[in-house]
Each structure stands twice: as structure tokens, then as C-alpha cells.
Amino acid sequence: MRISPLNRRRLKIFRAHSRGYWSMWVFLLLFGLSLFAEFIANDRPLLIRFDGHWFSPVLTDYSEDAFGPDMMPLAADYSDPELREAIDAKGWMLWPPVRFAYNSVVKNLPVPAPAPPSMRNLLGTDDQARDVLARVIYGFRISVLFGFTLTIISSVVGVAAGAVQGFYGGLTDLLFQRFIEIWSGMPQLYLLIILGSVITPSFWVLLVFLLLFSWMSLTGVVRAEFLRGRNLDYVRAARALGVSDLVIMWRHILPNAMVATLTFLPFTLSGSVTILSTLDFLGFGLPPGSASLGELVSQGKNNMQAPWLGITAFVVLGTVLTLLIFVGEAVRDAFDPRRMPK
């Protein structure tokens with residue numbers, strides 16, 4: 001794939017911004033690992049070799065009687081000492097690094113929950129005896145996936161709306177601007193409280209609800225670029241030659257508008273992650289029991305006698321947002337026409 005001289009210059013500036021460049025790789029590494037959360041933190045073994053046969057509990061559900069005729073025909077509980085002894089007698093089990101899922105209840109704790117960090121639970125447990133490290137891994141994944149999805153969809157809608165406003169102007173722009181002013185003044189939190197009293201919020205319900213308002217964040221920037229670009233000579237020439245409005249918007253004006261848009265995306269992503277964490281903290285986010293960074297913050301607030309909960313929530317959220325801000329600074333510098341590569 002051939003890279004244009006302009007994009008080569010931008011890439012060189014981005015790489016020269018070492019703080020943002022390495023933050024991008026650290027964030028991608030953490031996010032890539034979290035995508036395989038089931039293979040890192042789970043209360044099921046990755047592999048079982050039993051009586052000459054292979055089993056993969058992390059991918060398939062098995063009943064206990066699959067590991068011996070003396071077992072019950074119930075869903076296998078691999079934390080049951082009797083089942084583990086039966087498997088160890090005729091084979092072996094390969095466990096993930098963290099032997100707890102986000103909803104696993106840690107049994108036989110030496111102290112009442114929340115239990116402090118130990119070799120068994122590296123970040124301790126919460127007040128429901130669930131492993132904090134496992135919940136951080138799963139919560140990080142769902143928060144970033146939610147942020148990516150909300151950022152991408154809202155950006156597409158916002159760019160399209162701003163493009164229509166700026167390109168056609170006049171009455172279209174006037175009516176659209178009045179609608180945005182009214183719509184942006186809607187009390188989002190109150191609407192979410194009302195929605196939560198009618199239906200149980202889920203990942204997709206929250207995504208659709210927040211999408212109704214988050215698309216406006218980029219509309220103003222794109223609108224300004226299209227208002228400026230529609231009067232340029234090459235755009236007028238294309239219109240005089242009979243080129244359709246859609247082609248002019250897509251091919252001639254949008255590439256210039258995307259420069260300003262791309263610089264906002266990392267900051268929009270960090271804001272999307274923060275929104276979900278805030279809603280979970282307030283109790284209007286994901287269903288109870290879901291792995292969530294915001295729920296971990298709430299655990300820290302409600303259990304001041306367990307400082308590891310609040311410290312973990314602060315470090316995780318602070319690290320994620322700091323990495324995204326550093327990446328955003330590097331992207332902003334890369335698209336700055338006044339910035340020269342070193």
C-alpha cells in the first residue's frame with residue numbers, strides 16, 4: 001500500500017511524539033489481552049485430559065457425569081473438590097492464570113469479604129466475594145468495546161449531519177441548528193432514570209440511548225469545514241461540470257473535514273469510556289452483577305475499610321484515560337499543519 005507524502009509526514013510526526021506513540025501500543029496491548037478475558041480469568045479449566053479424552057470447558061459446557069459414572073448429571077463445578085479429585089485421578093487440568101471469572105464467588109476466604117489482596121486474589125475481593133482482578137479484566141474489555149462502538153457510530157452520524165448542514169447551508173442549516181440546540185438541552189440523566197424504570201438497561205439499550213445525544217459532538221466541527229469548503233474553486237468547478245452533490249461531499253470536501261474530526265476521536269473515546277463508568281457508578285448503567293469499572297468505583301466508595309477497591313478503580317481508570325489522552329495529543333500534533341517532523 002502506497003502512502004502519500006502528506007500521510008508519511010503525519011506518521012513521522014506521530015512516531016516522534018514518543019509519549020503518545022508508546023501509549024498507543026500499551027493501550028492496544030491491554031485491549032488485545034482483554035479480548036481473551038475468558039482464557040485469562042475463568043473458573044473453568046482451559047483444557048482437561050481425562051481417561052484418554054480431551055475436554056475444553058472454557059469453550060463447552062460439560063456435566064459432571066462426563067468425568068465418571070459416580071458423578072451427578074449436573075453442570076460441572078470445577079471448584080468442587082470431589083470433581084477435581086476425580087479428574088486428577090485419571091488425568092490433569094490446565095487452568096488460566098486467574099482461576100476466577102468476573103461473577104465467581106471466592107469460597108473459603110480467611111476473612112469476611114471484602115478480603116485484602118493475597119497470592120490467591122492478587123487485587124483482593126469485593127464485598128460480594130468476587131475476585132477484583134477478574135472483574136477489572138472483564139470490565140476493561142466491556143468499557144473499551146462500549147467506548148469504541150459509541151465513538152464510531154456517533155462519529156459517522158455526526159459527520160453526516162454536519163456535512164449536510166455545511167454543504168447546503170441556508171434554511172437547512174438554520175433548521176438543523178435550532179433542532180440541535182433544543183435536542184442538546186434535553187435532560188439526559190432524567191430521561192435515563194425514566195428509561196431505567198421502564199426497562200432494564202443493557203449494553204445495547206445504553207448504546208442506543210447515548211447515541212441519541214452523543215452524535216452532536218462532532219457536528220459543529222464538520223459543519224464549519226463544509227461551510228468553508230463548499231465555496232472553494234475546485235468544488236464550484238465540480239458542481240459546474242455536473243458532479244452530484246453526494247460525490248462532491250464524499251470526494252472533495254470530506255477528506256479535508258476528516259482532518260479536524262480525527263484529532264477529536266481519541267478524546268471522544270475517553271469520554272465514552274467515562275460515560276459508561278459514570279452511569280455504572282450511579283446505578284443506571286449495566287445490569288447488576290455485570291463486570292464494570294464504574295461498579296468497582298462504587299464498591300470503593302461503599303467500602304472505605306477496603307482501600308484496595310478504591311485504589312484499583314482509580315489506577316485502572318486513570319491509566320486508561322491517561323493513555324487515550326496521550327494518544328489524542330499525538331494525533332493532534334500529527335494533523336497540525338504547523339508542526340514539522342523532527
Side-chain angles (χ1 to χ4, degrees), residues 27 30-31 34 37 40-41 43 98 100-107 109-147 150 187-203 205-207 209-210 213-214 267-325:
F27 177 79
L30 295 175
F31 178 57
S34 70
I40 299 175
D43 54 4
V98 180
F100 304 98
Y102 71 92
N103 56 353
S104 301
V105 176
V106 182
K107 302 176 182 178
L109 288 173
V111 295
S118 63
M119 292 302 297
R120 186 185 181 194
N121 307 107
L122 296 180
L123 295 180
T125 67
D126 60 12
D127 58 8
Q128 299 183 38
R130 298 171 300 191
D131 186 74
V132 173
L133 179 56
R135 293 187 65 80
V136 165
I137 296 173
Y138 283 86
F140 175 79
R141 180 177 66 177
I142 196 170
S143 296
V144 175
L145 286 176
F146 184 91
L150 181 61
Q188 300 181 33
L189 182 58
Y190 293 141
L191 292 175
L192 187 59
I193 294 174
I194 296 172
L195 179 66
S197 65
V198 178
I199 60 175
T200 302
S202 64
F203 182 94
V205 171
L206 289 174
L207 181 66
F209 178 85
L210 293 175
F213 300 94
S214 61
F267 303 103
T268 305
L269 176 59
S270 63
S272 300
V273 173
T274 305
I275 288 175
L276 180 62
S277 301
T278 303
L279 292 177
D280 288 330
F281 172 75
L282 296 175
F284 302 116
L286 298 175
S290 302
S292 167
L293 299 181
E295 195 267 345
L296 184 60
V297 177
S298 179
Q299 288 269 350
K301 180 183 75 71
N302 296 331
N303 298 278
M304 300 299 293
Q305 79 282 3
W308 58 88
L309 296 175
I311 293 174
T312 301
F314 171 79
V315 171
V316 173
L317 276 174
T319 300
V320 173
L321 297 180
T322 301
L323 292 175
L324 291 175
I325 293 300

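Numbers here are sequence positions counted from 1. The structure displayed is predicted, hence computed values, not measured ones.
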For [X] against [Y], the heavy-atom pair lying closest together:
X: Ser202; Y: Pro287; answer: CA-CD, 4.1 Å
X: Leu150; Y: Ser214; answer: CD1-OG, 3.4 Å
X: Gly147; Y: Ser272; answer: CA-CB, 3.6 Å
X: Pro117; Y: Leu122; answer: CB-O, 3.2 Å
X: Ala101; Y: Ser104; answer: N-OG, 2.9 Å
X: Ala113; Y: Leu109; answer: CB-CD1, 4.2 Å

Is there side-chain contact between [X] and [Y], with heavy atoms separated by less than 4.5 Å?
X: Leu206; Y: Phe284; result: no
X: Asp127; Y: Gln299; result: yes
X: Leu192; Y: Leu210; result: no
X: Asn303; Y: Pro114; result: yes

Name all pairs fulfilling the ring-ring contact (aromatic ring centres under 6.0 Å, His included) condition that reach into residues 290-309, sequence neighbours left out, sorted by first residue then second.
none
Supply the atom-to-atom distance [X] [atom1] to [Y] [atom2], rounded to the nearest 0.5 angstrom.
X: Leu309; Y: Asn302; atom1: CG; atom2: CG; answer: 10.0 Å
X: Ile193; Y: Gln188; atom1: CD1; atom2: CD; answer: 12.0 Å
X: Ile194; Y: Ile199; atom1: CD1; atom2: CD1; answer: 12.5 Å
X: Phe267; Y: Leu324; atom1: CZ; atom2: CG; answer: 9.5 Å
X: Asn121; Y: Arg130; atom1: CG; atom2: CZ; answer: 13.0 Å
X: Thr322; Y: Leu317; atom1: OG1; atom2: CG; answer: 10.0 Å

Check against side chain to side chain contact (heavy atoms under 4.5 Å, CB included), Asp126 and Leu296:
CA-CA 8 Å; Asp126 60 12; Leu296 184 60; 5.6 Å; no
Is there a donor-acceptor contact under 3.5 Å from the side chain of Asp280 to the main chain of Leu286?
yes
When you measure from the side chain of Thr125 to the backbone N and O of Asp131, does any donor-acceptor pair fall under 3.5 Å?
no
Using side chain to side chain contact (heavy atoms under 4.5 Å, CB included), reason through Leu276 and Leu293 one step at a time and then give a plain yes or no.
CA-CA 9 Å; Leu276 180 62; Leu293 299 181; over 6 Å; no
For residues 132-139, which side-chain donor-acceptor pairs fall under 3.5 Å, sequence neighbours excluded?
from	atom 1	to	atom 2	distance (Å)
Arg135	NH1	Tyr102	O	2.8
Arg135	NH2	Ser290	O	2.8
Arg135	NH2	Glu295	OE1	3.2
Tyr138	OH	Ala41	O	2.6

side-chain contact (heavy atoms from CB on, under 4.5 Å) partners of Phe31, counting only residues at least two apart:
Ser34, Leu35, Phe140, Val144, Leu145, Phe148
Test side chain to side chain contact (heavy atoms under 4.5 Å, CB included) applied to Phe146 and Val273, step by step:
CA-CA 7 Å; Phe146 184 91; Val273 173; over 6 Å; no
Chi angles and distances behind the side chain to side chain contact (heavy atoms under 4.5 Å, CB included) call for Val297, Ser277:
CA-CA 8 Å; Val297 177; Ser277 301; 6.0 Å; no
